[in-house]
**Student:** 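Below is one structure. I have some questions about it.
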Amino acid sequence: MASTTLTAGPAVTQPTSSLRRTTLVSGLAGAAITTVAAAAADATGVSFEIEGEVIPLLGFAQMTLLGAVIGGVLLAVLNRRSASARQRFFQATVALTALSCLPSVLMPDDAGTQITLVALHVLAAAIIVPALARHAHT
């Protein structure tokens, strides 16, 4: 009776796991950086009060990480369903970043708060979008 020996081939990194890892890493980096920036703005006197409620610093981290996850899922879907995933991803992320800034412009009464919140949205996008875009199919 012949014996068959199975050998493991070279390790293959799945594109999906790489995208997941990049989503997590860029999301954590974006969360850390935007939270530090928000803390610095708070220390200089920027009020993060909206309708009588103060945005907690942890809220900046949570929403940035959520944005990264949404971006990662969006890119995964586009990679599967679009022939031009990279272009569509950039179009969608520009539109979504602009939409995410609307409450920051419309809700706070203070111009300094509005400008800071919009800048934090753009900062988070500037960290996360290019990192994820490296995984987009052309």
Side-chain angles (χ1 to χ4, degrees):
M1 196 151 103
S3 72
T4 305
T5 305
L6 296 176
T7 58
V12 176
T13 304
Q14 296 294 326
T16 302
S17 66
S18 180
L19 176 57
R20 285 183 190 145
R21 184 173 33 259
T22 300
T23 299
L24 179 61
V25 170
S26 67
L28 290 172
I33 292 168
T34 56
T35 302
V36 168
D42 184 53
T44 65
V46 174
S47 168
F48 289 117
E49 185 175 318
I50 299 176
E51 296 179 354
E53 297 288 324
V54 176
I55 301 170
L57 284 178
L58 184 58
F60 292 98
Q62 291 171 331
M63 295 311 290
T64 301
L65 192 55
L66 176 62
V69 169
I70 290 169
V73 169
L74 173 65
L75 182 55
V77 170
L78 289 171
N79 277 340
R80 286 188 186 97
R81 298 184 183 222
S82 177
S84 55
R86 183 180 310 268
Q87 179 183 359
R88 298 283 183 246
F89 180 69
F90 278 122
Q91 290 169 340
T93 56
V94 167
L96 290 171
T97 301
L99 284 173
S100 76
C101 290
L102 284 179
S104 300
V105 172
L106 299 175
M107 294 178 74
D109 294 328
D110 181 288
T113 302
Q114 293 170 333
I115 291 167
T116 303
L117 289 173
V118 169
L120 290 171
H121 278 83
V122 172
L123 176 62
I127 294 166
I128 296 165
V129 172
L132 293 178
R134 290 192 308 257
H135 296 280
H137 300 168
T138 53

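Note: hydrogens, waters and symmetry copies are ignored here, and every other heavy atom, side chains too, is used.
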**Student:** Can you measure from CZ (R134) to CG (L75) and round to the nearest 0.5 angstrom?
**Tutor:**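 The CZ atom of R134 sits 11.5 Å away from the CG atom of L75.
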
**Student:** Any pair with a residue in residues 84-103 that passes side chain to side chain donor-acceptor pair (under 3.5 Å), sequence neighbours left out, goes on the list, sorted by first then second residue, please.
**Tutor:**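 Side chain to side chain donor-acceptor pair (under 3.5 Å) check on residues 84-103 returns R88-Q91.
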
**Student:** Are V129 and L65 linked, directly or through other ILVMFWY residues, by side chains that come within less than 4.5 angstrom of each other?
**Tutor:** no

**Student:** Could you tell me which non-hydrogen atom of S18 sits nearest to which non-hydrogen atom of H135, and how far apart they are?
**Tutor:** OG-CE1, 2.9 Å

**Student:** Show the nearest heavy-atom pair for residues S26 and L132, with the distance to one decimal.
**Tutor:**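 Reported closest heavy-atom pair: OG-CD2, 4.3 Å.
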
**Student:** Flag the pair L117 / F60 as yes when at least one side-chain heavy-atom distance between them is below 4.5 Å, and no otherwise.
**Tutor:**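 Yes, close enough: below the 4.5 Å cut-off.
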
**Student:** Linking I/L/V/M/F/W/Y whenever their side-chain heavy atoms sit closer than 4.5 Å, directly or via other members, would I70 and I127 fall into one cluster?
**Tutor:**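 Hydrophobic grouping puts I70 apart from I127.
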
**Student:** With distance as the sole test, does D42 use its side chain to make a donor-acceptor pair with the main-chain N or O of F48 at under 3.5 Å?
**Tutor:**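 Answer holds: no.
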
**Student:** Are the side chain of T116 and the backbone of T113 linked by a donor-acceptor contact shorter than 3.5 Å?
**Tutor:**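 Judged by distance alone, no pair lies under 3.5 Å.
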
**Student:** Can you name the closest pair of heavy atoms from A125 and P130 and give their distance?
**Tutor:**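 Looking at all heavy atoms of both residues, the closest pair is O-CD, 3.5 Å.
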
**Student:** Taking all heavy atoms of H121 and all of C101, pick out the closest pair and write down the distance.
**Tutor:**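 Scanning both residues completely, I find the closest heavy atoms to be CB-SG, 3.6 Å.
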
**Student:** Measuring only between side-chain heavy atoms, which start at C-beta, is M63 closer than 4.5 Å to L66?
**Tutor:**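 Side chain of M63 against side chain of L66, heavy atoms only: contact under 4.5 Å found.
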
**Student:** According to a hydrophobic-cluster definition based on side-chain heavy atoms being under 4.5 Å apart (Ile, Leu, Val, Met, Phe, Trp, Tyr only), do L78 and F90 belong together?
**Tutor:** yes

**Student:** Is there a path from L19 to L96 through hydrophobic residues (I, L, V, M, F, W, Y) whose side chains come within less than 4.5 Å of each other?
**Tutor:**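 Same hydrophobic cluster.
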
**Student:** Between T23 and A68, what is the shortest heavy-atom contact and its length?
**Tutor:**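 Minimum heavy-atom contact is CG2-O, 3.3 Å.
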
**Student:** So which pairs with a foot in residues 48-69 pass side chain to side chain donor-acceptor pair (under 3.5 Å), sequence neighbours left out?
**Tutor:** T34-T64

**Student:** Nearest 0.5 angstrom please: L120 CG to I33 CD1, how far?
**Tutor:**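 If we round to the nearest 0.5 Å, L120:CG and I33:CD1 are 11.5 Å apart.
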
**Student:** Indicate, with yes or no, if M107 and I55 share a hydrophobic cluster defined by side-chain heavy-atom contacts under 4.5 Å among Ile, Leu, Val, Met, Phe, Trp and Tyr.
**Tutor:** yes

